[in-house]
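For reference, the structure is listed below as structure tokens.
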Amino acid sequence: MRKNGVSVLKIAAAYIGTVVGAGFATGQEILQFFAGFGLSGLWGIILTTLLFIVFGFIIMELGFKLSARSHLEIIRQSGGNILGFVIDLIITFFLFGALTAMIAGTGALFHQQFGLPAIAGNLLMAALTALTVLSGINGVINSISAVVPFLLASVVGISVFSIINTPPDLAPVAQAGYGLADNWLIAGVVYVSYNIILSIAVLGPLGARAKDKKTVLKGAVLGGLGLGLGVVMIYLAILGNMAAIKDLEIPMSHIAGNISRNTQIIYAVILIAEVYTTAVASLYGFSARLSNAEKSPRASRALVTGTAAAAFFASLAGFSNLIKYLYPIVGYAGLLLLGCLLYSKLKSRRSA
């Protein structure tokens, strides 16, 4: 037991904050993965909630046991040298990809919501993310966990209003330009897979800082339930507004605007904070994997700055395109990671 370890609430908040930007905050992710399934999509979301709890716990428990500094120790333990090497490449690649998508998402929001050049939003997010990561792991955890209560409250509040005023249509619909899987089961697993690949970069070191294993378990359960709540509320809100939002980059911004212009602006600001938390987690995980800040702080700072700059230029490809093509590719590749983590857990239980 670590006397000054991270608490249950901070673990849960950091978990939610790591996933929220790439997982569901804009609504585009839920639109792409679940929107065509109607009522069956809810089964997919229930599955994702359970999987978030299970794999969040496995990762943080391994982080606790190994005192992990990055995701590398965890995947080597669960996947061995060969599979671990492959998974490491996938994770490291996607951390950069997710950072790029979050920067692009900010630009899309600036353009859709405020009529400003997208490049201004891209530049702002890249700079804020780099500055936060340069402050170290404590700054990362604190910045992510501090804003999560506001993020969930805004998502739930706006979604409830939308559900009451435009009830969701739970009938399956023809997938015209969206839909990344043939059925809700595959959609749910792939959705969790890409989010776990992203979150392992923070969850591993976070587990290493937990007070004890009970704290890890409670944090994983609370974090997984929080993620499930956010996903299901946005899903129901989207199903009531499909005709209006199916071609938008940021569907939740439009849904917030149905309440009032002021609500739309407030949600836009909160959404930037949501995207920021995931961008920070992605850049931290990427830089922690490729550098050692303790041995070479100057090189680490240069890597953080250079990575943020490279992601800024890559983000010019556009937000919805990154989600449509990058997320499912990484999600299917990430099934290898989920399999290794599950095998590692079952093996440890048999040998206990």
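These numbers come from the heavy atoms of this one structure, side chains and all, not from hydrogens, waters or symmetry mates.
To the nearest 0.5 angstrom, Ile103 atom CD1 is 10.5 Å from Leu128 atom CG. We find the CG-OG distance between Leu290 and Ser70 to be 9.0 Å, quoted to the nearest 0.5 Å. With values rounded to the nearest 0.5 angstrom, Phe24 atom CZ is found 6.0 Å from Tyr191 atom OH. In this structure, Ile164 CD1 and Leu236 CG are separated by 12.0 Å, a value rounded to the nearest 0.5 Å. Between His71 atom NE2 and Ser78 atom OG the span is 10.5 Å, to the nearest 0.5 Å. Atom CD1 of residue Ile90 and atom CD1 of residue Ile329 lie 11.5 Å apart, to the nearest 0.5 angstrom.
Minimum heavy-atom separation, Phe312 to Ile119: CZ-CG1, 3.7 Å. Across all their heavy atoms, Pro251 and Leu31 have their closest contact at CG-CD2, 4.2 Å. The nearest pair of heavy atoms linking Ser199 to Val19 is CB-CG2, 4.1 Å.
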**Request:** Show your working on ring pair (Phe, Tyr, Trp, His ring centres under 6.0 Å) between Phe55 and Phe52 and close with a plain yes or no.
**Result:** CA-CA 6 Å; Phe55 286 105; Phe52 273 135; 9.5 Å; no

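Between the side chain of Ser348 and the backbone N or O of Lys345, at least one donor-acceptor pair lies under 3.5 Å. Thr129 places no side-chain N or O within donor-acceptor distance of the main-chain N or O of Ala126, the cut-off being under 3.5 Å. Put simply, the side chain of Ser154 gets close to the backbone of Leu151: a donor and an acceptor are under 3.5 Å apart. A distance-only check finds no donor-acceptor pair linking the side chain of Arg289 to the backbone of Leu72 [under 3.5 Å]. Between the side chain of Gln264 and the backbone N or O of Ser253, at least one donor-acceptor pair lies under 3.5 Å. Remark: the backbone N or O of Ile163 is not paired with any side-chain donor or acceptor of Thr166 at under 3.5 angstrom.
Side-chain atoms of Leu99 and Leu95, non-hydrogen and from C-beta on, never get closer than 4.5 Å to each other. Side-chain contact check for Ile196 versus Leu337: some heavy-atom pair is nearer than 4.5 Å. The shortest distance between side-chain heavy atoms of Tyr267 and Ile259 does not fall below 4.5 Å. Put simply, the side chain of Val86 reaches to within 4.5 Å of the side chain of Leu336, judged on heavy atoms.
Checked options Ile158, Leu271, Ile30; the residue passing with Met252 is Ile158 (criterion: side-chain contact (heavy atoms from CB on, under 4.5 Å)). The residue from Val54, Leu225, Val232 that alone fulfils the side-chain contact (heavy atoms from CB on, under 4.5 Å) condition with Thr49 is Leu225. When each of Leu206, Thr215, Ile74 is tested with Met60 by the rule side-chain contact (heavy atoms from CB on, under 4.5 Å), just one qualifies, namely Leu206.
For His111, the NE2 atom sits in a loose shell: 12 or fewer heavy atoms of surrounding residues, nucleotides or ligands are nearer than 6.0 Å.
Counting only N and O atoms by type, the side chains of Ser162 and Asn241 include a donor and acceptor under 3.5 Å apart. Glu73 and Gln77 share no side-chain donor-acceptor pair at under 3.5 Å.
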